[in-house]
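Quick note: residue numbers are just sequence positions, from 1.
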Amino acid sequence: MTAVNSNLFNGNRVKLSMPREEDVEVMLKWEEDSEYLRNVDTDIALPKSKEQLISDGKPALNEVYFRLRTIDKDHLIGFVTIHSIEWNNRTGVLSIGIGESSNRNNGYGSDALKLILRYAFQELNLDRVGLEVIEYNKGGIKAYEKVGFQQEGRKRSAVYRDGKRYDVIVMGILHNDWKAIQGSVE
C-alpha cells in the first residue's frame, strides 16, 4: 500500500494553495499570453477580466480548484482543478495551466500532476480522472503520459486554429493504474 504523504498539498517543487487576493494581478498578465490561452481551452482565446479571475476557485459541489505555487519561493505559477466531478461514478476531469512561459517545461507541471492525482485518488476517492488536450500541445501530452495518463480516443478535427484543424486527444487514468505506478516508484 502507498504510504500517505505527511502533507497532502506539497509536492517536490510545487504546492496546492487556495486563491489569494494578490493572485489576480499576476493572472491578468497570463491572460495576455495567447499560447497560454490556446493551451488551456479549445474555445476562442479571450482574456478573462479581473472579476472573472476573482470568481475562479469559488467553492462548488463538483469541483476542487487550487492555485499552484513554488515550494521554495511561494511564487504563483499556475492553477489545477478537478471539475465536472460525478460523485456517484467517482470520476472527474482535470484542467491545468502554467501561466508564464518561463515556468513551462521546468518540471512544475509534472509535479503538479502527481500532486493533484494523489489528491484525486486518496482524498476525493475518485476512480477515474480524465482530460482533453489539443494534439499540438506536445509538452502537455508528454507530461500527462509521464504520470500515467493513457490516450483513450480522439475528437477528430475538433479545433480550428490559424487556418488548420486539430484533433483533441482524450486521455484518462484509473485509480488502479495510478496505484501501480506509485508502487513502481517506491
If two hydrophobic side chains count as joined below 4.5 Å and joins carry through other members, does V170 share a cluster with V93? no

Evaluate R156 against D167 for salt bridge (charged side-chain N to carboxylate O under 4.0 Å, His left out), listing each step before the verdict. CA-CA 5 Å; R156 296 177 304 141; D167 293 353; over 6 Å; no

Would a hydrophobic clustering, with Ile, Leu, Val, Met, Phe, Trp and Tyr connected at side-chain separations under 4.5 Å, put I71 with L16? no

Test question: given the 4.5 Å side-chain rule for I, L, V, M, F, W and Y, name all other residues clustered with I54, or answer none. V24, V26, M27, L28, W30, Y36, L37, V40, L53, Y65, L76, F79

Considering residues, nucleotides and ligands other than N62, do more than 12 of their heavy atoms fall under 6.0 Å from its CG? yes

Can you name the residues that form a salt bridge (charged side-chain N to carboxylate O under 4.0 Å, His left out) with E152, not counting sequence neighbours? R128

State the CG-CZ distance between L113 and R118, to the nearest 0.5 angstrom. 13.0 Å

Among residues at least two apart in sequence or on other chains, which ones pass salt bridge (charged side-chain N to carboxylate O under 4.0 Å, His left out) with K48? D56

Quick check: are there more than 12 heavy atoms from other residues, nucleotides or ligands sitting under 6.0 Å from CD of E22? yes

Through direct or indirect side-chain contacts below 4.5 angstrom among Ile, Leu, Val, Met, Phe, Trp and Tyr, which residues connect to I44? L46

Where the side chain of S55 meets the backbone of Q52, is there a donor-acceptor pair that is under 3.5 Å apart? yes

Hey, any chance V147 and I98 share a hydrophobic cluster, counting ILVMFWY side chains that come within less than 4.5 Å of each other, even indirectly? yes

Parallel, tilted or perpendicular for F149 and Y144, by the 30°/60° rule? perpendicular

Does the side chain of V14 reach to within under 4.5 Å of the side chain of V80, using non-hydrogen atoms? no

To the nearest 0.5 Å, tell me how far E132 CD sits from I169 CD1. 10.5 Å

With rounding to the nearest 0.5 angstrom, report the CG to OG distance, N12 to S110. 11.0 Å

Any side-chain heavy-atom pair of D23 and R69 under 4.5 Å: yes

Hey, is the main chain of Y108 close enough, under 3.5 Å, to the side chain of N106 for a donor-acceptor pair? no

List for me each residue that meets ring-ring contact (aromatic ring centres under 6.0 Å, His included) alongside F121, sequence neighbours excluded, and say none if there are none. H175, W178

Salt bridge (charged side-chain N to carboxylate O under 4.0 Å, His left out) against E25, all qualifying residues, sequence neighbours excluded: K50

Are any of the side-chain nitrogens in E100 or K29 under 4.0 Å away from the carboxylate oxygens of its partner? no

Is the ring centre of Y160 less than 6.0 Å from the ring centre of Y166? no

Could you list the residues that satisfy salt bridge (charged side-chain N to carboxylate O under 4.0 Å, His left out) with D41, not counting sequence neighbours? none

With the side chain counted from C-beta on, respond yes when L8 and E123 share a heavy-atom pair under 4.5 Å apart, and no when they do not. yes

Would you tell me whether E145 and Q150 have side-chain atoms, one donor and one acceptor, within less than 3.5 Å of each other? no

Determine which pairs satisfy side-chain hydrogen bond (donor to acceptor under 3.5 Å, both in side chains) with at least one residue from residues 73-83, sequence neighbours left out, and list them in order. K15-D74, R20-D74, H83-S95

Going hydrophobic residue to hydrophobic residue with side-chain gaps under 4.5 angstrom, can you get from L124 over to L174? no

Does the side chain of E35 come within less than 4.5 Å of R104's, by heavy atoms? yes

With sequence neighbours left out, write down each residue that passes side-chain contact (heavy atoms from CB on, under 4.5 Å) with T42, or none if nothing qualifies. I134, V159, V168

Which distance, rounded to the nearest 0.5 Å, do you find between the CD1 of I82 and the CD1 of I96? 9.5 Å

Does the side chain of I85 reach to within under 4.5 Å of the side chain of R90, using non-hydrogen atoms? no

Rounded distance [0.5 Å steps], CG in L94 versus CG in L117: 6.5 Å

Under the side-chain contact (heavy atoms from CB on, under 4.5 Å) test, residues paired with R38 that sit two or more places apart: A45, Y136, R161, D162

Under the side-chain contact (heavy atoms from CB on, under 4.5 Å) test, which residues partner N89, sequence neighbours left out? E86, T91

Check side-chain contact (heavy atoms from CB on, under 4.5 Å) between N176 and all other residues, then give those that pass, not counting sequence neighbours. K179

Could you measure the distance from the CG atom of D111 to the CZ atom of R13? Nearest 0.5 Å is fine. 7.5 Å

